[in-house]
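Order of the sequence lines fixes the chain letters, A, B, ..., with proteins taken first and strands second; residue numbering starts at 1 for each chain.
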2 protein chains.
Amino acid sequence: MEHDNCDPASRPSTRDRLITVTCELLEFQGYHATGLNEILATSESPKGSLYHHFPNGKEELTIAAISKVGTAVLERIRDSLSPENGPAHATVPAFIRDISMNVERSGYRTGGPITTVALEAAASSKALRTACAEIYREWQLAVERALIASGSNQSEAESVATSIIARIEGGIIMARCERSRRPLDAIADELEQDLACRAKEKQK
Amino acid sequence: MEHDNCDPASRPSTRDRLITVTCELLEFQGYHATGLNEILATSESPKGSLYHHFPNGKEELTIAAISKVGTAVLERIRDSLSPENGPAHATVPAFIRDISMNVERSGYRTGGPITTVALEAAASSKALRTACAEIYREWQLAVERALIASGSNQSEAESVATSIIARIEGGIIMARCERSRRPLDAIADELEQDLACRAKEKQK
DNA sequence: TAGTATATAGACTGGTCGGTCTACTATCAA
DNA sequence: TTGATAGTAGACCGACCAGTCTATATACTA
């Protein structure tokens, strides 16, 4: 029952390779377009190992993969929006511009690591759907905390945080379609004004 | 070369049935999860007719389908945000609450008719990707016009309109995952304050 | 009526899908 | 050395995939 990395000097364990490769392929192409054989070939693992580590097959492997990227993104959110980096009305737009840069750098092939899965699987798999919902919730709560630390009240922070996550998800979709940073950069600009306006309002 | 509806008293033409059914299935399950055989069975059309009307197969049929729903949504946007219904800072939140209601009413199975396709196909099909980008652009322009009619300047209208479309797309994804109106309603609330704040700012 | 384009009909193909199955190897404890 | 468990290996399965093909029916025109 050893699920962590193996000897750090050698290649990662089969289990870790499977998860890592699945993360990447899901982000590029989504759930149904990513075949188990492709995952197997890319990670150089035999099919027997996959069903040894993930007895419930594709669904279980996918949940492991999106949980991993979900947590990684959560940590990026916490780091970027940490109060020591400044007030939320500065850190949030900067965070979105950073995402914009990364999406561009990937040739508009990545971004929104769980979005495609969320939409594709929402219909067919309850387990996948709730896994995605939980990740979105964690992200939202992290943003919420940053807003509260910058002076928002609970109720405002909740709706604004939800709206920020939604803006990012939607902006990534538009940017990938358009193959342009424009949508994400426009959202960063708009959000900067929005948050500034709210902060100013509060001073009165 | 007759592409419109046939005799209104009888059932729609094969071509129209194919497009309509494809729209629905794509919205429920996405591109790769929707098989041609399923489309054929649901619309009660033989395969020969599909390749007669859409020689390029699934891709061409999908483009026809998303163009249709894209245009239908565009008209809904124009109607809802028409200046005679009031200022944008009232009509836009109302529009989002209306979407929220429809998503709930569908059992959280529909909403964001082109989002899934946009993400799934962005990687593999340039034609589909640009078709989605064009639809997003049309939606954005319609919102932009409504904002300008309510007193925004061009530059602000563009970024705010982009951000509104993104919020809606992202909010629908979150609502479908969570099976709750909460995300979309929170976005409507947040947007209401955001637009009100901007309007107040402008008075000064 | 004959001829032509349009449209319907579905059998069929090669390929891929997710998943099962058996066999083999490595590790470690008794 | 033996036995049990964890892990690797890949052949194999039925189901389904998008797309091709030939045959036929229908509608309109010459």
Asks: So, does B/H32 get its side chain near the phosphate of D/dC17, meaning an N or O under 4.0 Å from OP1 or OP2?
Replies: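 No, no such contact exists.
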Asks: Would you classify A/S45 as touching base, sugar-phosphate or nothing, given that sugar-phosphate means primed atoms plus P, OP1 and OP2, and contacts are heavy atoms under 4.0 Å?
Replies: nothing
Asks: Do the charged groups of A/R198 and B/D194 touch, with an N to O distance under 4.0 Å?
Replies: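 Answer for the salt bridge query: no.
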Asks: Between B/L50 and A/T34, just flag the one whose closest nucleotide in DNA chain C comes earlier from the 5' side.
Replies: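 Here B/L50 is the residue nearer the 5' end.
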Asks: Report which part of the nucleic acid B/G35 touches: base, sugar-phosphate, or nothing (heavy-atom distance under 4.0 Å, all strands).
Replies: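 Answer is sugar-phosphate: B/G35 comes under 4.0 Å of backbone atoms only.
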Asks: Quick one: which residue pairs count as a ring pair (Phe, Tyr, Trp, His ring centres under 6.0 Å) with a foot in residues 107-137 of chain B, not counting sequence neighbours?
Replies: B/Y136-B/W139
Asks: When you measure from the side-chain N and O atoms of A/H52 to the phosphate of D/dA6, is any distance below 4.0 Å, counting only OP1 and OP2?
Replies: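 The answer is no; no side-chain N or O of A/H52 sits under 4.0 Å from OP1 or OP2.
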Asks: Starting from C1' on C/dA9, measure out to CG on B/L18 and report it in whole angstrom.
Replies: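 Rounded to the whole Å, the gap is 13 Å.
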Asks: Using a 4.0 Å heavy-atom cut-off, does B/K58 contact any base of the nucleic acid, only the sugar-phosphate backbone, or nothing at all?
Replies: sugar-phosphate
Asks: If you measure only the distance, is there a donor-acceptor pair under 3.5 Å linking the side chains of B/Q193 and A/E156?
Replies: no
Asks: C/dT20 P sits how many Å from A/F54 CZ, rounded?
Replies: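 Taking CZ of A/F54 and P of C/dT20, I get 16 Å after rounding.
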Asks: For A/Y51 and D/dC13, what is the distance between atoms OH and C1' respectively, to the nearest whole Å?
Replies: 13 Å
Asks: Whole angstrom is fine here: how far is it from CZ in A/R17 over to P in D/dG7?
Replies: 13 Å
Asks: Would you please confirm or rule out a distance under 4.0 Å between OP1 or OP2 of D/dG7 and any side-chain N or O of A/T14?
Replies: no
Asks: Given atom NZ of A/K47 and atom P of C/dA23, what is their separation to the nearest angstrom?
Replies: 19 Å
Asks: Rounded to the Å, how far apart are B/N37 CG and C/dA9 P?
Replies: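 One finds 16 Å between P of C/dA9 and CG of B/N37, rounded.
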Asks: What contact category does A/G48 fall into here, base, sugar-phosphate, or nothing, at under 4.0 angstrom with non-hydrogen atoms?
Replies: base
Asks: In terms of side-chain heavy atoms of B/H53, which of C/dA7, C/dG18, D/dG10 is nearest?
Replies: C/dA7
Asks: Roughly, in whole Å, what's the span from CD in A/E44 to P in D/dG7?
Replies: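 Checked: the CD to P distance equals 20 Å.
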Asks: May I ask you to decide whether B/R97 forms a salt bridge with B/E192, counting only side-chain N to carboxylate O separations under 4.0 Å?
Replies: yes
Asks: Answer with yes or no whether the side chains of B/R167 and B/S163 bring together a donor and an acceptor at under 3.5 Å.
Replies: yes
Asks: What is the distance, to the nearest angstrom, from the CG atom on A/L25 to the P atom on C/dC17?
Replies: 12 Å
